[in-house]
Amino acid sequence: MPDFERGRVRANNLTFEYLTMGDGPLALCMHGFPDSPYSYRYMLPALAEAGYRAVAPFNRGFAPTELPDDRHHVHTSMMVNDQIALHEALGGDQDAVLIAHDWGAVAAWGAAGKAPDRWRRCIIINIPPFAIFGENIVKYDQIKRSFYFWYFQMQRVCEQVISADNFAFIDNIWADWSPGYDAAEDLPKVKDCIREPAHFQAALGYYWGQFDPTRFGSPDWAAEQAAAWGMDITQPTLYLHGTDDGCHGMTQEQVDRVPQHCGPGSQSELIHGVGHFLMVQRPSEINKRVLGFLDR
C-alpha cells in the first residue's frame, strides 16, 4: 500500500480528509460503498506521474471525514454538491478531471451536468447515466443484484447483521461484485471507514436517502433523482463497465449507448472478465485506458 500524503479541506459545510499525490491540474477521484479512497491506490500514482494533482477524498460520513449533521439521509443532490464544492475548495480550474466509481459515479453525472465548466474530461465507472440506470432497476436480474437496497431499509436489524463477525457481510459483497478477486488488502481499509456506528449509519444513509420503499419508483422520486443526476453531460467522457459486475449489470448494447448522454469524443467499453472493483482488479489495464483518454 503506497504511503500517500494526507490532506483536509472544508467543502459544502463539511471537513473532508483525503489521499493525494502529485502536482498539476486537479484529478478528483470519488469512491462508493462499501469502499474507500484506497481503491484508487494504483491510479493516484499513475495520475501524479502524468502531471495531475490526484486527490481521493473519504466520502461524506466515511471516517476520517467529518460526520454530517444528518447521517441518516444522504441524498444524491448532496453528493453532487460535495463534488462541486470539493473542486472549488481544492483549487480546481477548467483543466480539472473527474474520476468516479459507484456512488461517486452517481454524483459525477450530476456534478458534470450542473457545473460543466469545472471539468475538462470525466471518467465514470460502473454506474451508467440515470436514463439507463432506470431501465435496469426494474428488471428481475437487477432486482436480485440490488437486494441490499431493500435489506438496508430494515434499520432495526441490518446494522447488527452487516457489522457482525468483523463485517463479514462486506466480505461477501466484494466477493459477489468482483468474483475471483482477492480483496484482502482492500477490506481492512473499507471497514476502517465504517467501523464506528455513527460512520456506519452515515454510509447506510446513502441508501436510506435514496431508496425509501414508500417513495422509490414513484413519479416524485424519479423527478427528484432526474433533477439531481439525470441530465446529459457535455464533457468528453470515458465510461467503463465490467462484464462480471455483480452490483449493476449492463449489456453491450447499453454500454454502447452511454456516449449518447455525454459530450463529443466520448467512449465506452464493456471489459470482459472484470467485476465491480475494476480499479484494483486490473489496475495496469484500467490506468492505461484512463490515462490514454485523458491525454487526448
Side-chain angles (χ1 to χ4, degrees), residues 1 6 8 11-19 29-41 56-83 86 100-107 126-127 145-178 181 183-216 246-248 276-277 279-280:
M1 188 75 70
R6 300 291 288 264
R8 180 179 296 178
N12 199 17
N13 300 312
L14 201 69
T15 300
F16 288 83
E17 297 212 18
Y18 58 84
L19 310 179
C29 304
M30 303 299 299
H31 71 85
F33 175 90
D35 207 354
S36 82
Y38 286 99
S39 283
Y40 288 104
R41 64 183 177 273
F58 293 81
N59 277 3
R60 170 175 293 264
F62 285 67
T65 281
E66 181 183 10
L67 279 168
D69 290 336
D70 182 1
R71 65 174 184 265
H72 294 91
H73 187 275
V74 181
H75 194 266
T76 43
S77 58
M78 183 66 77
M79 302 177 222
V80 169
N81 290 337
D82 282 348
Q83 292 190 7
L86 282 163
H101 176 253
D102 194 85
W103 275 124
V106 169
N126 286 92
I127 299 295
R145 285 186 171 96
S146 300
F147 80 95
Y148 59 99
F149 286 7
W150 326 124
Y151 181 68
F152 288 177
Q153 306 306 316
M154 294 187 284
Q155 298 179 26
R156 291 181 179 272
V157 297
C158 76
E159 291 181 56
Q160 289 184 343
V161 171
I162 298 167
S163 61
D165 300 323
N166 189 28
F167 289 91
F169 188 101
I170 301 300
D171 298 346
N172 290 327
I173 284 282
W174 271 69
D176 285 344
W177 288 5
S178 276
Y181 172 66
E185 194 171 6
D186 304 88
L187 288 165
K189 298 293 188 183
V190 172
K191 294 173 185 179
D192 284 348
C193 292
I194 59 173
R195 194 171 300 281
E196 294 182 10
H199 284 282
F200 184 35
Q201 289 176 353
L204 293 175
Y206 287 72
Y207 297 91
W208 299 341
Q210 263 53 247
F211 302 119
D212 177 352
T214 65
R215 298 188 68 246
F216 176 76
C247 172
H248 194 90
H276 189 67
F277 300 101
M279 303 98 71
V280 290

**Student:** Could you give all pairs that pass the side-chain hydrogen bond (donor to acceptor under 3.5 Å, both in side chains) test and reach residues 155-164, with sequence neighbours left out?
**Tutor:** Glu159-Gln201
**Student:** Test of understanding: with side-chain hydrogen bond (donor to acceptor under 3.5 Å, both in side chains), list the residues that count as partners of Ser178, not counting sequence neighbours.
**Tutor:**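 Partners of Ser178 by the side-chain hydrogen bond (donor to acceptor under 3.5 Å, both in side chains) criterion, ordered by chain and then number, come out as Gln281.
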**Student:** Taking only residues two or more places apart in sequence, or in another chain, which ones meet Asp82 in a side-chain hydrogen bond (donor to acceptor under 3.5 Å, both in side chains)?
**Tutor:** Asn12, Arg60
**Student:** By ring pair (Phe, Tyr, Trp, His ring centres under 6.0 Å), which residues pair with His248, not counting sequence neighbours?
**Tutor:** Phe133
**Student:** Which residue is it: Phe169, Phe277, Phe33? I am looking for the one with a ring-ring contact (aromatic ring centres under 6.0 Å, His included) to Trp174.
**Tutor:** Phe277
**Student:** Partners of Ser146 by side-chain hydrogen bond (donor to acceptor under 3.5 Å, both in side chains), sequence neighbours excluded?
**Tutor:** Gln142
**Student:** Name all pairs fulfilling the salt bridge (charged side-chain N to carboxylate O under 4.0 Å, His left out) condition that reach into residues 162-173, sequence neighbours left out, sorted by first residue then second.
**Tutor:**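 The answer is Asp171-Lys191.
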**Student:** Which atoms form the tightest heavy-atom contact between Pro57 and His31, and what is the distance?
**Tutor:**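 Smallest heavy-atom distance, with atoms named: O-CD2, 3.2 Å.
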**Student:** Report the residues that fulfil ring pair (Phe, Tyr, Trp, His ring centres under 6.0 Å) with Phe167, sequence neighbours left out, ordered by chain and then residue number.
**Tutor:**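 Phe167 satisfies ring pair (Phe, Tyr, Trp, His ring centres under 6.0 Å) with Phe200 once adjacent residues are dropped.
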**Student:** Got Ser36 and Asp192 here, is their nearest side-chain heavy-atom distance under 4.5 Å?
**Tutor:** no
**Student:** Can you name the nearest heavy-atom pair linking Cys193 to Asp35, along with the distance?
**Tutor:** SG-O, 4.5 Å
**Student:** Can you name the residues that form a side-chain hydrogen bond (donor to acceptor under 3.5 Å, both in side chains) with Asp212, not counting sequence neighbours?
**Tutor:**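 side-chain hydrogen bond (donor to acceptor under 3.5 Å, both in side chains) list for Asp212, sorted by chain: Thr214.
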**Student:** Is there any salt bridge (charged side-chain N to carboxylate O under 4.0 Å, His left out) pair reaching into residues 62-78, and which pairs are they, with sequence neighbours excluded?
**Tutor:**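 Checked against salt bridge (charged side-chain N to carboxylate O under 4.0 Å, His left out) - neighbours excluded - the pairs reaching residues 62-78 are Arg10-Glu66.
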**Student:** Taking salt bridge (charged side-chain N to carboxylate O under 4.0 Å, His left out) as the test, write out the residues that go with Arg145, two or more places apart.
**Tutor:** none
**Student:** Can you tell which of Phe149, Trp150, Tyr148 makes a ring-ring contact (aromatic ring centres under 6.0 Å, His included) with Phe152?
**Tutor:**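 When Phe149, Trp150, Tyr148 are each tested with Phe152, the ring-ring contact (aromatic ring centres under 6.0 Å, His included) holds only for Tyr148.
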**Student:** Quick one: salt bridge (charged side-chain N to carboxylate O under 4.0 Å, His left out) partners of Glu17, sequence neighbours excluded?
**Tutor:**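 Checked Glu17 against salt bridge (charged side-chain N to carboxylate O under 4.0 Å, His left out); matches are Arg6, Arg8.
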**Student:** With sequence neighbours excluded, tell me which residues meet ring pair (Phe, Tyr, Trp, His ring centres under 6.0 Å) with His276.
**Tutor:** His101, Trp177
